[in-house]
*Asks:* 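Right, I'll just put the structure down here and ask away after.
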Amino acid sequence: MTATSYRTTLCGDLRPGHVGQRVTLGGWVHRSRDLGGLVFLDLRDRAGMVQVKVDPAVADAATVQVAEKVGVESVVLVEGDVVARPADGVNPELATGAIEVLARSLRVVGPAATPVLPVARGKGTPLPAEELRLRHRYLDLRRPELQQNLLLRHRLLQATRRYLSDRAFLELETPILTKPTPEGARDFLVPSRVHPGEFYALPQSPQIYKQLFMVCGFDRYFQVARCFRDEDLRADRQPEFTQIDIEASFVRQDDILALAEGLVQHLWAEAGIAVPTPFRRMTYAAAMEHYGCDRPDLRYGLEIADATAAFAPLDFGVTRAALAAGGRVRGIVVPGGAAWSRKQVDELEALAKGAGAGGLLRLKRVGSEYEGPVARFLDDAARAALALPDGSLWLGVAGPDRASSPALDRVRQECAARLGLADPARREFLVVVDFPMFERDPDTGALAAVHHPFTSPNPDDYAARPDDPASWRAVAYDVVLNGTELGGGSIRTSDPAVQSRMFALLGIGDVAEQERRFGFLLEGLRAGAPPHGGIAFGFDRIAMLLAGAPSLRDVIAFPKTTAARALFEGAPSTVPPEDLEALHVRVAAEPPGR
RNA sequence: GGGGGCGUAGCUCAGUUUGGUUAGAGCACUCGACUGUCACUCGAGAGGUCGCGGGUUCGAGCCCCGUCGCUCCCGCCA
């Protein structure tokens with residue numbers, strides 16, 4: 001299937017079964033070993049590598065001369081015979097290691113300049129600096145590791161399409177040039193030439209379009225959607241990224257979650273990993289209570305427990321003040337933590353403070369002794385209530401949950417890292433449900449959507465407490481693996497009146513303003529909308545996890561740096577003044593001279 | 001926007017602590033030798049804007065100030 005008029009076989013596909021065949025190969029010279037008569041070339045293509053042997057007894061003089069001179073990374077065509085290697089010449093590290101190709105002729109069709117980065121690296125040799133790898137991406141992507149990553153990415157994409165298409169989902173496309181959205185991340189803007197002063201935005205997600213597909217009656221939609229957000233980058237965040245975007249009609253939460261679990265199972269299976277379903281479910285409230293975050297890593301315990309009852313009666317200023325202010329005392333028990341030094345625990349306190357806690361309460365139990373600043377305040381009842389095992393360390397935060405949860409989350413994660421509790425081979429999938437509908441801006445008190453403005457509030461909450469939106473749960477859910485969010489979604493508001501109220505709660509009370517910004521959605525909902533909902537998965541992140549790659553950049557062919565530059569192509573770049581003029585754009589700040 | 005780390009040969013790094021002769025090593029590269037290597041081996045050679053700019057000093061890879069790039073993190077990312 002990969003045979004062409006140039007070649008018969010891929011290098012990496014050759015096996016002992018090919019012995020005796022005359023083959024023609026095309027590939028890149030990975031390495032060469034000139035023994036001064038015999039020349040060995042490792043020839044590489046996307047399937048792998050095979051050893052080519054050039055023997056003056058078989059090949060003509062010209063071929064021998066070419067073999068001696070050809071530089072690494074040059075593209076050559078080899079015609080020769082597949083032969084078994086001598087018993088003591090087998091290379092067990094190579095899939096093709098039992099055979100080699102005895103060359104009859106060798107031709108360089110794409111001579112390579114000396115590569116500025118090595119493609120063939122010795123074992124244990126460090127990678128070149130990432131800046132150079134990105135600048136010379138055409139070389140870096142020749143590395144078998146990155147080729148494997150992108151090959152896996154391809155397979156995951158195909159598996160996604162197969163899975164969803166088999167379940168009657170239609171792959172429908174949505175515009176890349178679209179309308180700026182007022183909420184969420186910063187938009188990438190594209191000036192309009194035809195309409196002076198007006199701009200398109202690149203989509204942060206195809207959210208409204210996919211809901212309109214439901215309004216149209218397409219019933220089940222998916223897309224491998226490119227999304228764009230103009231925010232600062234991280235190792236696991238690129239300005240342009242790929243989502244598996246899904247929406248379906250006449251569904252409830254459980255319909256979407258069952259589909260999502262099946263898709264995850266299917267994708268992990270494509271990577272050779274069996275994943276049992278359904279996934280564990282946990283409410284947002286329970287996740288925050290026991291783990292302090294909405295995407296807990298369940299590979300280890302160290303669960304947060306309420307210790308308010310133990311501290312309430314004590315004459316201890318720190319906890320007394322916190323409780324009087326309506327807060328609680330919560331903490332985790334770290335087995336073996338009593339052995340940690342003052343400095344080690346101080347480092348944990350710094351993390352807790354960084355996450356918003358006033359401080360970190362600490363209590364060690366060694367034998368029957370209790371140590372630490374808290375110890376002398378404890379009475380027998382408090383000791384009994386804490387039930388601290390011998391040799392362990394209790395770390396607590398007194399205060400409101402909004403401070404203690406993130407602080408204990410941070411401390412819990414650091415303790416787990418120190419103790420090596422997170423088994424990298426384990427996979428703890430989790431579905432978090434019942435997210436709050438809104439969160440308050442701590443400064444302004446304004447409501448903001450936790451998921452997005454199109455999410456349906458929990459119907460019971462909406463009916464029971466119509467005037468207390470801050471207490472509403474949303475019909476929104478996340479899929480989490482080992483503390484990483486894989487995807488999230490919600491059931492949407494399909495009632496235009498409810499949607500309009502949501503906008504009002506989010507500060508867009510003016511009906512005309514609503515129509516201007518979201519008219520195309522509201523009109524659609526008024527035209528007869530089925531109940532609908534969906535989910536979106538971060539595809540790059542999934543590919544990264546399944547490839548075992550440390551960075552998103554290792555599963556994206558041409559990624560951006562953390563400064564949002566494309567080093568290979570050289571984007572972004574300045575443009576000629578006449579181009580700007582045509583777009584009716586004037587640049588206020590000239591870029592630094594380069 | 002803020003903080004940490006890094007920047008010396010094509011690549012990976014040492015040298016910076018304590019400023020002082022001609023800035024080193026491995027790999028890659030060039031030339032030569034070698035018929036079973038597979039990170040071949042051996043010999044010889046070439047290769048430097050010490051990121052960039054300024055300052056201190058008799059003298060700066062090394063000290064100071066600024067700046068650029070990469071990276072990790074905080075803010076940000078509905």
Side-chain angles (χ1 to χ4, degrees), chain A residues 30-43 49-58 64 68-69 71-73 83 85-94 96-97 100 102 113-136 139-140 181-187 204-205 207-208 227-239 241 351 354-356 410 435-439 441 447-455 474 476 485 488-490 502 506 536 538 550-551 553 560-565 567 591-594:
Chain A
H30 190 67
R31 244 195 274 272
S32 67
R33 293 171 292 279
D34 179 357
L35 271 56
L38 277 184
V39 180
F40 294 99
L41 301 176
D42 292 335
L43 198 61
M49 219 149 23
V50 71
Q51 173 166 281
V52 174
K53 174 182 166 183
V54 181
D55 186 338
V58 176
V64 172
E68 285 170 346
K69 296 287 178 226
V72 293
E73 295 310 316
V83 298
R85 295 203 197 182
D88 59 351
V90 170
N91 184 350
E93 291 179 23
L94 223 52
T96 60
E100 61 193 352
L102 183 56
T114 300
V116 57
L117 299 177
V119 175
R121 289 179 307 127
K123 300 180 189 92
T125 310
L127 285 171
E130 187 144 25
E131 178 178 359
L132 295 163
R133 293 175 42 205
L134 293 173
R135 202 177 294 284
H136 307 284
L139 285 174
D140 200 35
T181 51
E183 292 211 50
R186 208 172 287 123
D187 283 317
Q204 295 182 26
S205 85
Q207 180 61 34
I208 292 179
C227 305
F228 306 86
R229 294 178 190 175
D230 190 6
E231 297 292 348
D232 287 347
L233 279 65
R234 290 285 187 278
D236 62 349
R237 205 196 294 164
Q238 284 272 310
F241 58 99
L351 292 174
R410 192 71 195 80
F435 276 77
M437 184 71 213
F438 299 108
E439 62 192 349
D441 185 301
L447 291 177
V450 168
H451 187 54
H452 58 52
F454 319 111
T455 298
E485 180 190 332
S490 64
M502 291 300 145
L506 291 167
S551 164
R553 294 183 291 269
K560 306 286 188 285
T561 68
T562 50
R565 278 194 182 281
L567 296 181
R594 283 191 283 152

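Below, read A as the first sequence line, B as the second, and so on, with proteins coming before strands; counting in each chain starts at 1.
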*Asks:* Can a donor-acceptor pair be found between the side chains of A/Q51 and A/N91 at a distance below 3.5 Å?
*Replies:*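 A/Q51 vs A/N91: no donor-acceptor pair found between side chains.
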*Asks:* Rounding to a whole Å, what distance do you find between A/R135:CZ and B/C11:P?
*Replies:*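 Result: 11 Å.
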*Asks:* Polar-atom pairs under 3.5 Å, protein N or O versus N or O of nucleotides 37-40 of chain B: list them with distances, or write none.
*Replies:*
residue: B/U37; atom: O2; partner: A/R33; partner atom: NE; Å: 2.7
residue: B/U37; atom: O2; partner: A/R33; partner atom: NH2; Å: 3.4
residue: B/U37; atom: O2; partner: A/Q51; partner atom: OE1; Å: 3.3
residue: B/U37; atom: N3; partner: A/Q51; partner atom: OE1; Å: 2.8
residue: B/U37; atom: N3; partner: A/Q51; partner atom: NE2; Å: 2.9
residue: B/U37; atom: O4; partner: A/Q51; partner atom: NE2; Å: 2.7
residue: B/U37; atom: O4; partner: A/R85; partner atom: NH1; Å: 3.4
residue: B/C38; atom: O4'; partner: A/R33; partner atom: NE; Å: 2.9
residue: B/C38; atom: O2; partner: A/Q51; partner atom: OE1; Å: 3.3
residue: B/C38; atom: O2; partner: A/N91; partner atom: ND2; Å: 3.2
residue: B/C38; atom: N3; partner: A/R85; partner atom: NH1; Å: 2.6
residue: B/C38; atom: N4; partner: A/R85; partner atom: NH1; Å: 3.4
residue: B/C38; atom: N4; partner: A/G89; partner atom: O; Å: 2.5
residue: B/C40; atom: OP2; partner: A/R31; partner atom: NE; Å: 3.2
residue: B/C40; atom: OP2; partner: A/R33; partner atom: NH1; Å: 3.2
residue: B/C40; atom: N4; partner: A/D34; partner atom: O; Å: 2.4

*Asks:* Expressed in whole Å, how much space separates the P atoms belonging to B/C65 and B/U56?
*Replies:*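 Those two atoms are separated by 15 Å.
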*Asks:* Would you measure the distance from the C1' atom in B/G51 across to the matching atom in B/G7 and give it in whole Å?
*Replies:*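 Taking atom C1' in both B/G51 and B/G7, they lie 6 Å apart.
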*Asks:* Base, sugar-phosphate alone, or nothing: which one does A/T455 contact when heavy atoms must sit under 4.0 Å apart?
*Replies:*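 Since no nucleic acid heavy atom lies under 4.0 Å of A/T455, the category is nothing.
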*Asks:* So what does A/L132 hit on the nucleic acid, given a heavy-atom distance under 4.0 Å: a base, only sugar-phosphate, or nothing?
*Replies:*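 Sugar-phosphate contact only - A/L132 comes under 4.0 Å of backbone atoms but never of a base.
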*Asks:* Name the nucleic acid region contacted by A/T561, choosing base, sugar-phosphate or nothing; use a 4.0 angstrom heavy-atom cut-off, strictly under.
*Replies:*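 Sugar-phosphate contact only.
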*Asks:* In whole angstrom, give me the gap between the C1' atoms of B/G3 and B/C40.
*Replies:*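 Nearest-Å result for B/G3 against B/C40 at atom C1': 49 Å.
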*Asks:* Between A/K123 and A/E93, is the closest basic N to carboxylate O distance under 4.0 Å?
*Replies:*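 Yes.
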*Asks:* With rounding to whole Å, what would you report as the distance between B/C6 and B/A14 at their C1' atoms?
*Replies:*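 B/C6 and B/A14 have their C1' atoms separated by 15 Å.
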*Asks:* I need the CZ-C1' distance between A/R229 and B/G75, as an integer number of Å.
*Replies:*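 Between C1' of B/G75 and CZ of A/R229: 17 Å.
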*Asks:* At 4.0 Å (heavy atoms only), tell me whether A/A563 reaches a base, stays on the sugar-phosphate, or touches nothing.
*Replies:*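 Answer is sugar-phosphate: A/A563 comes under 4.0 Å of backbone atoms only.
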*Asks:* Between A/D187 and A/R229, does at least one N-O distance fall below 4.0 Å, as a salt bridge requires?
*Replies:*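 The answer is no: the pair does not qualify as a salt bridge.
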*Asks:* Is any side-chain heavy atom of A/C227 less than 4.5 Å from a side-chain heavy atom of A/Q204?
*Replies:*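 The answer is no; the side chains never approach within 4.5 Å.
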*Asks:* Check the distance between B/C70's C1' and A/E130's CD and give it to me in whole angstrom.
*Replies:*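 Whole-Å distance recorded here is 8 Å.
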*Asks:* Salt bridge (Lys or Arg N to Asp or Glu O under 4.0 Å) for A/R186 and A/D230? Distances and angles first, verdict last.
*Replies:* CA-CA 5 Å; A/R186 208 172 287 123; A/D230 190 6; 5.0 Å; no
*Asks:* Identify whether any heavy atom of A/V450 sits under 4.0 Å from a base atom; if not, whether one sits that close to sugar-phosphate; answer base, sugar-phosphate or nothing.
*Replies:*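 The answer is sugar-phosphate, as A/V450 gets under 4.0 Å only of primed atoms, P, OP1 or OP2.
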*Asks:* For A/R553 and B/U71, is the shortest distance between a side-chain N/O and OP1 or OP2 below 4.0 Å?
*Replies:*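 Answer yes for this pair, as a side-chain N or O of A/R553 is under 4.0 Å from OP1 or OP2.
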*Asks:* Report all interatomic pairs (protein N or O, nucleotide N or O of nucleotides 1-9 of chain B) with separations under 3.5 Å.
*Replies:*
residue: B/G1; atom: O6; partner: A/D232; partner atom: OD2; Å: 3.3

*Asks:* Can you check the distance between B/G32 and B/C38, where both ends of the measurement are the P atom (answer in whole Å)?
*Replies:*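 Between the two P atoms, the distance is 23 Å.
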*Asks:* Compare all side-chain heavy atoms of A/F438 with those of A/L506 and state whether any distance is below 4.5 angstrom.
*Replies:*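 Contact flag for A/F438/A/L506 side chains = yes.
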*Asks:* Let me know, please, whether A/G37 or A/L233 comes out on the 5' side of the other along RNA chain B by nearest nucleotide.
*Replies:*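 Counting from the 5' end, the first nearest nucleotide belongs to A/G37.
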*Asks:* Between B/U35, B/C11, B/U71, spot the one nearest the side chain of A/L38, thanks.
*Replies:*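 Shortest atom-to-atom distance from the side chain points to B/U35.
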*Asks:* In whole Å, what separates the C1' atom of B/C29 from that of B/G48?
*Replies:*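 Each nucleotide's C1' atom is 15 Å from the other's.
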*Asks:* Decide yes or no for A/M502 and A/P453: does some side-chain heavy atom of the first lie under 4.5 Å from some side-chain heavy atom of the second?
*Replies:*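 A/M502 does not reach A/P453 side chain to side chain.
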*Asks:* So, do A/V54 and A/L38 sit near enough that their side-chain heavy atoms are less than 4.5 Å apart?
*Replies:*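 No, too far: nothing below the 4.5 Å cut-off.
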*Asks:* Do the side chains of A/R133 and A/L127 get nearer than 4.5 Å, heavy atoms only?
*Replies:*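 They are in side-chain contact.
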*Asks:* Give every pair of a protein N or O atom and an N or O atom of nucleotides 26-32 of chain B that lie under 3.5 Å apart, one pair per line with the distance.
*Replies:*
none

*Asks:* From CD of A/Q238 over to C1' of B/C76, roughly how many Å is that when rounded to an integer?
*Replies:*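 From A/Q238 CD to B/C76 C1': 16 Å.
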*Asks:* Can you list everything that forms a ring-ring contact (aromatic ring centres under 6.0 Å, His included) with A/H452? Sequence neighbours excluded, please.
*Replies:*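 Partners of A/H452 under the ring-ring contact (aromatic ring centres under 6.0 Å, His included) test: A/F454.
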*Asks:* Which is true for A/P86 with a 4.0 Å heavy-atom rule: it touches a base, it touches only sugar-phosphate, or it touches nothing?
*Replies:*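 A/P86: base contact, heavy atoms under 4.0 Å.
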*Asks:* When you compare the protein's N or O atoms with those of nucleotides 45-47 of chain B, which come within less than 3.5 Å of each other, and at what distance?
*Replies:*
none

*Asks:* List for me each residue that meets side-chain hydrogen bond (donor to acceptor under 3.5 Å, both in side chains) alongside A/E130, sequence neighbours excluded, and say none if there are none.
*Replies:*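 A/R553.
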*Asks:* Does any non-hydrogen side-chain atom of A/L43 lie less than 4.5 Å from one of A/H30?
*Replies:*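 Sidechains of A/L43 and A/H30: no contact.
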*Asks:* Report the distance from atom CD of A/Q204 to atom P of B/C76, rounded to the nearest whole Å.
*Replies:*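 Rounding to the nearest Å, CD of A/Q204 and P of B/C76 are 16 Å apart.
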*Asks:* Determine the interatomic distance between C1' on B/A28 and the same-named atom on B/A39; round to the nearest Å.
*Replies:*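 Rounded to whole Å, the distance is 12 Å.
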*Asks:* Quick one: closest heavy-atom pair of A/L567 and A/E131, and the distance?
*Replies:*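 Distance-wise, the nearest heavy atoms are CD1-O, 3.6 Å.
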*Asks:* Could you go through A/V39 and A/R33, starting from their C-alpha distance and side-chain angles, then the distance that decides it, and tell me whether this counts as side chain to side chain contact (heavy atoms under 4.5 Å, CB included)?
*Replies:* CA-CA 6 Å; A/V39 180; A/R33 293 171 292 279; over 6 Å; no
*Asks:* Looking at the side chain of A/A129, which of B/C76, B/C70, B/U12 is the nearest nucleotide?
*Replies:*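 When the side chain of A/A129 is considered, B/U12 is the closest of B/C76, B/C70, B/U12.
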*Asks:* Within the structure provided, determine whether A/D140 and A/L134 are in side-chain contact (heavy-atom separation under 4.5 Å).
*Replies:*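 SC-SC contact between A/D140 and A/L134 ruled out.
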*Asks:* What integer number of Å spans the C1' atoms of B/U30 and B/A9?
*Replies:*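 The answer is 15 Å between these two C1' atoms.
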*Asks:* Both distances below 3.5 Å, Watson-Crick or wobble geometry, any strand: find the nucleotide opposite B/U67.
*Replies:*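 Partner of B/U67: B/G51.
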*Asks:* Between B/C11 atom P and A/L134 atom CG, what is the distance in whole Å?
*Replies:*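 Answer to the nearest Å: 14 Å.
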*Asks:* Have a look at A/R410 and say if it touches a base, only the backbone sugar-phosphate, or nothing, with a 4.0 Å heavy-atom cut-off.
*Replies:*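 A/R410: no heavy atom of the nucleic acid under 4.0 Å.
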*Asks:* Give the intermediate values and the outcome of salt bridge (Lys or Arg N to Asp or Glu O under 4.0 Å) for residues A/R237 and A/D232.
*Replies:* CA-CA 8 Å; A/R237 205 196 294 164; A/D232 287 347; over 6 Å; no
*Asks:* CG of A/D140 versus P of B/C70: gap in Å, rounded?
*Replies:*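 A/D140 atom CG is separated from B/C70 atom P by 16 Å.
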*Asks:* CG of A/D236 versus P of B/C76: gap in Å, rounded?
*Replies:*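 Spelled out: CG on A/D236 to P on B/C76 is 16 Å.
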